[in-house]
Amino acid sequence: MNDKIYPRSEDNQTVYLKSVITRQNIEVGDFTIYNDFVNDPRDFEKNNVLYHYPINHDRLIIGKFCSIACGAKFIFNCANHTLKSLSTYTFPLFFEEWGLQKSEVASAWENKGDIVIGNDVWIGYDAVIMAGVTIGDGAIIGTRAVVTKDVEPYSIVGGVPAKEIRKRFSPEIISQLQKIKWWNWDIDRIHMAIPYIQLGNVDQLLKL
């Protein structure tokens with residue numbers, strides 16, 4: 001994939017996310033798109049990836065062929081005030097004011113780890129993904145869902161907090177899709193596969 005920003009001519013609301021990412025701690029796969037009809041979608045890092053401070057070294061990892069809707073937010077560990085303290089006030093963060101050690105800043109929050117989004121994931125409008133969550137391949141995150149726990153591959157989740165509504169396919173088809181991993185194929189092979197992907201014909205995909 002080249003550095004093309006916009007997948008469609010005369011559409012400045014949708015971008016290939018990989019082409020607009022600048023932070024070293026964000027990784028995005030090929031052909032993943034982000035749409036924003038409120039703000040400039042090129043400002044995804046500023047508007048959608050929140051509390052993602054370099055001091056914490058946590059990462060946002062997004063796979064290939066994902067679709068991320070307007071307003072989706074990824075909220076990182078620095079937003080999580082520690083619950084180990086008797087107070088939720090972040091004293092270590094304001095070390096200068098309270099004469100504390102700068103090296104202890106990270107003790108102000110709970111560190112739950114990276115956010116990892118699989119391949120071919122659809123994240124709906126205004127959905128929120130919390131720190132430490134892994135979303136499996138092919139999952140769908142409903143509009144305004146708040147995802148606080150891992151989501152299994154090819155699951156549809158929704159609500160606050162998000163809960164599984166149902167699986168997209170039978171266990172057999174899910175197993176086949178996880179073995180095929182069509183998103184890792186070369187471009188020519190994916191071109192040939194598009195009709196079968198759209199028709200839900202796994203048997204034909206297996207023959208390619």
Side-chain angles (χ1 to χ4, degrees), residues 13-18 21 25-39 41 44-45 47-52 56 58-81 83 109-184 197-202 205:
Q13 293 183 351
T14 304
V15 295
Y16 282 132
L17 200 50
K18 183 177 181 178
I21 292 300
N25 51 358
I26 301 179
E27 302 172 22
V28 180
D30 292 343
F31 299 104
T32 284
I33 57 172
Y34 172 62
N35 171 268
D36 199 322
F37 51 82
V38 177
N39 301 299
F44 175 84
E45 291 174 315
N47 296 329
N48 304 79
V49 185
L50 308 180
Y51 300 96
H52 196 206
N56 210 57
D58 40 10
R59 299 174 299 160
L60 173 58
I61 301 171
I62 303 174
K64 302 175 183 179
F65 291 95
C66 292
S67 303
I68 304 175
C70 181
K73 301 289 193 300
F74 302 84
I75 300 184
F76 274 85
N77 292 286
C78 294
N80 295 324
H81 295 204
L83 300 182
W109 52 79
E110 304 285 348
N111 192 345
K112 298 182 179 181
D114 301 334
I115 295 176
V116 180
I117 312 298
N119 304 280
D120 192 25
V121 172
W122 174 19
I123 300 176
Y125 174 76
D126 259 1
V128 175
I129 316 298
M130 300 301 292
V133 165
T134 294
I135 297 175
D137 297 328
I140 296 175
I141 310 303
T143 294
R144 290 183 170 156
V146 177
V147 184
T148 60
K149 296 181 179 179
D150 292 353
V151 177
E152 293 185 357
Y154 292 94
S155 297
I156 301 173
V157 303
V160 182
K163 295 181 180 179
E164 184 174 310
I165 298 169
R166 64 178 175 86
K167 291 288 194 296
R168 292 180 58 195
F169 308 113
S170 69
E172 293 75 20
I173 291 177
I174 290 173
S175 178
Q176 288 174 322
L177 288 170
Q178 289 186 287
K179 290 177 182 176
I180 291 171
K181 298 184 185 297
W182 62 263
W183 44 82
N184 288 332
I197 292 172
Q198 291 181 307
L199 292 171
N201 194 329
V202 178
L205 282 184

Do the charged groups of K64 and D30 touch, with an N to O distance under 4.0 Å? no
Are the charged groups of E27 and K18 less than 4.0 angstrom apart, N to O? no
[X] to [Y] - nearest heavy-atom pair and separation:
X	Y	value
G124	A72	O-CB, 4.2 Å
V147	I141	CG2-CG2, 3.6 Å
M130	V146	CG-CG1, 4.4 Å
A131	K112	O-CB, 3.9 Å
G136	V121	O-CG2, 3.3 Å

Roughly how far, to the nearest 0.5 Å, is [atom2] of [Y] from [atom1] of [X]?
X	Y	atom1	atom2	value
N39	C70	CG	SG	7.0 Å
I62	L17	CD1	CG	5.5 Å
L60	I26	CG	CD1	5.5 Å
N48	Y34	CG	OH	3.5 Å
I123	I129	CD1	CD1	4.5 Å

Mind telling me whether Y154 and F169 have parallel, tilted or perpendicular rings, with 30° and 60° as the class edges? tilted
Give a yes or no on whether F65 atom CZ has more than 12 heavy-atom contacts from other residues, nucleotides or ligands under 6.0 Å away. yes
